[in-house]
Number of protein chains: 2
Amino acid sequence: MTRTKPVTGQRTTRQRSAIADLLTQTDDFLSAQQLHDLLVARGDSIGLTTVYRNLQALVDAGQVDAIWDGSGETRYRHCSDDHHHHLVCRACGTTVEVQAEPVERWAASIAESHGFHDISHTVEIFGICSPCTGERADDD
Amino acid sequence: MTRTKPVTGQRTTRQRSAIADLLTQTDDFLSAQQLHDLLVARGDSIGLTTVYRNLQALVDAGQVDAIWDGSGETRYRHCSDDHHHHLVCRACGTTVEVQAEPVERWAASIAESHGFHDISHTVEIFGICSPCTGERADDD
DNA sequence: CCGCAGATTGACAATCGTTTTCAGATAGAA
DNA sequence: TTCTATCTGAAAACGATTGTCAATCTGCGG
């Protein structure tokens, strides 16, 4: 059937707005549960399920970045539109968005030279930022 | 009596050897469950729990690399000593080790320019390898 | 303004990968 | 062989995420 079905069946709900809103105001990577807690703390009545669902939608729409912090949780953060990566401080968690054109090109060419296509990649840089350098004596 | 207790209480068990052995022979990233399946298929009687436990130990000892493929599973692989990254086929799991000097330099310079030090990074490239390309008809 | 259809919500159950529990089996030393 | 700390593994526990489904909204047409 070639019906011109309205693809945008998106509705503006209170919950959806609340999530997008909170995400916009925060610079940290938050887990779905943290996000939910914050929302509830702010006075928004919302279910955990709904948070997960909307987070998925946002990631899917490319409006939010998801990373795996290696401890069992996926963390979400609003992101600028263009493709980029993160420089994260191991000590304080500060995150810096970095452009990575050289890496994009490198990844693409490496992949192609091996016959791969439909490429995606993960690039995260971890380190200790200067403010944290002086403060740390013991490690881990 | 103040006997010096042996700190290294490591024993060589059939299961432990089997895991290390299989890992040595395989170049792909395998999930704990895949590893378990392979072990059983090879005729080794071993429990899933044991696979997980030993895998953790190996990762902890730095003898095995663990990556998160973004779909809920952690995958493990033995790794060569020198620093390198991976090009992984999303469909069949084939892995290619790639050297990434340009990326190393890029990561180092980016980090430095932001005042970060003690840098480490993760770089993984995912794609579909050519053998898998033709086999896929259904799409998402 | 009213009502309808379909999108959305949310409490709860179900999944899924991974970890913990704990009693029985085993490796290594004496 | 005996002894004991380490290992093993089946099953339960766990925590994050997804699915279910009836009740509730949003947006549009009338």
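Below, chains carry the letters A, B, ... as their sequence lines are ordered, and counting in each starts from 1.
One can place CD of A:E73 at 11 Å from P of D:dG15, the figure rounded to the nearest angstrom. Separating the CZ atom of B:R14 from the C1' atom of C:dT26 is a distance of 10 Å, rounded to the nearest angstrom. In this structure, CG of A:N54 is placed 14 Å from C1' of D:dT18, rounded to the nearest angstrom. Straight-line distance from the CZ atom of B:R53 to the P atom of D:dG9: 8 Å, rounded to whole Å. At whole-Å resolution of the value, CG in B:L30 and C1' in C:dG17 are 16 Å apart. Here the C1' atom of nucleotide C:dT9 and the CD1 atom of A:I46 are 9 Å apart, to the nearest Å. Protein atom NE2 of A:H36 is 8 Å distant from nucleotide atom P of C:dG10, rounded to whole Å. Between B:L35 atom CG and D:dG9 atom P there is a gap of 13 Å when expressed in whole angstrom units.
Checked by atom type, the side-chain pair B:Y52/B:Q33 shows a donor-acceptor distance below 3.5 Å. In summary, the side chains of A:Q56 and A:D60 do not present any donor paired with an acceptor at a separation below 3.5 Å, with no hydrogens or angles considered.
OP1 or OP2 of D:dC7 sits under 4.0 Å from a side-chain N or O of B:Q10. Listed pair A:T74 / D:dT17 meets the phosphate criterion, a side-chain N or O lying under 4.0 Å from OP1 or OP2. The phosphate of D:dT18 has OP1 or OP2 within less than 4.0 Å of a side-chain N or O from A:Q56.
When the nearest nucleotides of DNA chain D are assigned to B:L48 and A:Y76 by heavy-atom distance, the more 5′-ward of the two goes with B:L48.
Around atom CD of A:E101, no more than 12 heavy atoms belonging to other residues, nucleotides or ligands sit under 6.0 Å away.
Side-chain N/O atoms of B:T50 and base N/O atoms of D:dC7 include no donor-acceptor pair closer than 3.5 Å.
Nucleic acid contact class of B:T49 (heavy atoms, under 4.0 Å, all strands): base. Backbone-only contact: B:T12 has heavy atoms under 4.0 Å from sugar-phosphate atoms and none from a base.
Of the candidates C:dT8, D:dT17, C:dG10, C:dT8 carries the atom nearest the A:R11 side chain, counting heavy atoms from C-beta on. Among D:dT8, D:dA5, D:dT17, the nucleotide with an atom closest to any side-chain atom of B:Q15 is D:dT8. Here the nucleotide nearest the side chain of A:Y52, chosen from D:dA16, C:dT9, D:dG9, is D:dA16.
Rounding to the nearest 0.5 Å places CZ of A:R105 at 13.5 Å from CD1 of A:I110.
Taking 4.0 Å as the cut-off between side-chain N and carboxylate O, B:D21 and B:R16 do not count as a salt-bridged pair.
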